[in-house]
Amino acid sequence: MADRMQDVLKVIPKVDRILEWPEIVALCSGHDRPEVLAAIRRVLERIRNDVKNGNDATACASGRIVALITAELVNRSTSSLRGVINGTGVVVHTNLGRSPLAKEAEEAILAVASGYSNLEFDLGNGERGTRYDHVEGLICELTGAESALAVNNNAAAVMLALSSLAQDREVIVSRGELVEIGGSFRIPDVMRQSGAKLIEVGTTNRTHIRDFLTAITDATALLLKIHTSNFMIVGFTADASVAEMSALGQGTGIPVMLDAGSGCLIDLSPYGISGEPTVRHYLEAGADVVTFSGDKLLGGPQAGLIAGKRQFIEPMKRHPLLRALRMDKLTLAALEATLRLYRDERRALSAIPTLRMLTMTSEQLKRRAGTIARKLRKYLPDSVTLVTHLGESSAGGGSFPLLLLPTTLIEVRIAGWSPNHIDDALRRAAVPVVGRIHHDRFLLDARTILDRDLPALAASLRQVTTTQQAEEPV
Ligand SMILES: *Cc1c(COP(=O)(O)O)cnc(C)c1O
């Protein structure tokens, strides 16, 4: 085995020889020679590592080396942050940028991106305005709030609200809601950073309104409820509702805040997605302040929205932290455009990709998968087989942790390739494709593949099947 490895390592061509290959000479005419040289070195290094790891089947074929060097050069000339195709079926995929924006939001970004705008300028009287005015009215209109503010993300919204409402004072929270959201956003840590003192009440599985009542002291500044976005406690459980908490808050003069996490502006229960009350519902139930994300269920850009009573939101607008948490003009443009779509619920459901994907029916998805497979088929060599299967997708973004949405999956099989190898190759394609492997199948979910992705998906599938060869015995 070791001998064989040594043999293979010996036949790996040297840099000088590769530089003489006609394909590489051709490459040198389109790229700087040092760039090509560096690419050759990186590829050879990778091949040596592959051989050492035992993947030596076709490691040194010159055709493969040329393909790898070409890919390496392409790689170098593309941005680090780029578009990918989400075949995972997770609609709000935090690692893949959460919500794709509506066309209207994209256009709004373009409209202000490369010119000047009235970001902080009141066109009516020619005086200084504030950036927050562009969305406050819309948030109030869509949630029924008296006052609203939008900042960089929901973590920032929670931080600002706690600093503003409860600095150096006590905040009462149920033990069952001290969540970690991911990316190390942990409620107890955020609370400490904001200068508020956490008072935990109840138990992990059961907290009652009387637990809040008995914890109230002169130092209590806030009753806080947190949406347990990404997990669920099931079985023998109880929690204090927003309505109960606000009745208690009203009786004692203590404000009630809800970190709603995803934050939903329309009732999705007619589409089989139940259990997520709207922000309007929470405010009507008596919450004084509700914070939520812009790029989860809302389907807009990364943002944190704060909606609630004027007396609590106004101080946040003057808080020194706000300057550090403020939203930039491109985000603001996208957020305003997204919120405007919500004025007409039907329009929001069709124009906002996140909502559109979440509310697709299993029938629509079955047809969609069939259409995608048929369209792709035309561009692919015979070694590729596409097979559709019924399956499940998930909402993601910490919303509806247990909800599985029926979908249709497209399995990609390539003769002689393992699912892992397909997965790896597609992730490295010019337009990367991210799928998932389940029961030894490489799968793409029809739900999260956007229409605009189809040409690139076909190209990526073609690219991997024609420029790469099976590297492993399957
Ligand atoms: C997602 C989430 C956050 C963080 O929101 P970002 O917009 O990602 O900063 C905070 N709280 C809850 C309950 C969440 O679900």
Side-chain angles (χ1 to χ4, degrees), residues 79 81-84 86 91-121 123 129-143 145 148-157 160 183 260-266 279 290-307 322-359 395-399 448 450-453:
S79 312
L81 178 63
R82 55 204 166 122
V84 307
N86 176 8
V91 178
V92 181
H93 198 305
T94 295
N95 301 143
L96 300 185
R98 289 200 180 153
S99 288
L101 296 179
K103 181 173 57 53
E104 289 78 356
E106 187 180 352
E107 285 165 0
I109 291 176
L110 283 178
V112 298
S114 52
Y116 297 103
S117 59
N118 63 337
L119 180 64
E120 294 186 346
F121 185 68
L123 294 171
T130 86
R131 67 179 63 213
Y132 305 103
D133 284 349
H134 299 288
V135 288
E136 176 169 20
L138 270 165
I139 301 172
C140 291
E141 179 185 327
L142 298 169
T143 62
L149 185 59
V151 292
N152 202 28
N153 56 14
N154 187 31
L160 175 65
S262 231
C264 198
L265 292 181
I266 54 185
V279 174
V290 178
T291 73
F292 52 106
S293 287
D295 55 354
K296 292 184 178 171
L297 279 186
L298 198 87
Q302 178 190 303
L305 285 71
I306 311 175
L322 180 60
R323 179 63 168 77
L325 307 177
R326 78 178 188 188
M327 188 185 255
D328 115 285
K329 64 182 175 192
L330 303 185
T331 311
L332 199 51
L335 181 63
E336 183 189 359
T338 306
L339 291 172
R340 287 166 67 92
L341 292 168
Y342 276 96
R343 284 180 162 157
D344 175 351
E345 197 170 305
R346 290 225 323 271
R347 177 123 188 262
L349 285 165
S350 67
I352 297 174
T354 297
L355 292 181
R356 193 170 62 227
M357 289 187 271
L358 282 171
T359 56
S399 20
T448 48
L450 308 171
D451 287 339
R452 54 170 243 174
D453 289 339

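Because the structure is predicted, anything quoted here is derived from the model rather than measured.
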Within the supplied structure, the quantity of interest is the number of heavy atoms (other residues, nucleotides, ligands) at a distance under 6.0 Å from [X] [atom1]; does it exceed 12?
X    : atom1 : result
R82  : CZ    : yes
R343 : CZ    : yes
R340 : CZ    : no

Shortest non-hydrogen contact from [X] toward [Y]:
X    : Y    : answer
G299 : S99  : CA-OG, 3.4 Å
A307 : F292 : CB-CE2, 4.4 Å
A351 : E104 : CB-OE1, 4.1 Å
Y342 : L297 : OH-O, 3.7 Å
M357 : P100 : CE-CG, 3.8 Å
T448 : N86  : OG1-O, 2.8 Å

query: Looking at residues at least two apart in the chain, or sitting in another chain, which of them share a side-chain hydrogen bond (donor to acceptor under 3.5 Å, both in side chains) with E107?
result: none

I'd like to check [X] versus [Y] (side-chain heavy atoms, cut-off strictly below 4.5 Å). Are they in contact?
X    : Y    : result
L265 : E345 : no
L298 : S293 : no
V135 : L339 : yes

Which residues satisfy the side-chain contact (heavy atoms from CB on, under 4.5 Å) test with [X], sequence neighbours excluded?
X    : value
L123 : N118, F121
Q302 : N152, N153, D295
S350 : none
N95  : H93

field: Under 3.5 Å donor-acceptor, E136 side chain and A148 backbone
entry: yes

Working for side-chain contact (heavy atoms from CB on, under 4.5 Å), residues L305 and V279: CA-CA 10 Å; L305 285 71; V279 174; over 6 Å; no

So, taking the atom named [atom1] in [X] and the one named [atom2] in [Y], what distance separates them when rounded to the nearest 0.5 Å?
X    : Y    : atom1 : atom2 : answer
K103 : I352 : NZ    : CD1   : 12.0 Å
D133 : E336 : CG    : CD    : 11.0 Å
L101 : E106 : CG    : CD    : 7.5 Å

Below 3.5 Å, can you tabulate the donor-acceptor pairs from side chains in residues 324-335 to any protein atom, sequence neighbours excluded?
residue : atom : partner : partner atom : Å
D328    : OD1  : L330    : N            : 3.3
D328    : OD1  : T331    : N            : 3.2
D328    : OD1  : T331    : OG1          : 2.9
D328    : OD2  : L330    : N            : 3.4

Stepwise side-chain contact (heavy atoms from CB on, under 4.5 Å) test for T291 and L160: CA-CA 10 Å; T291 73; L160 175 65; over 6 Å; no

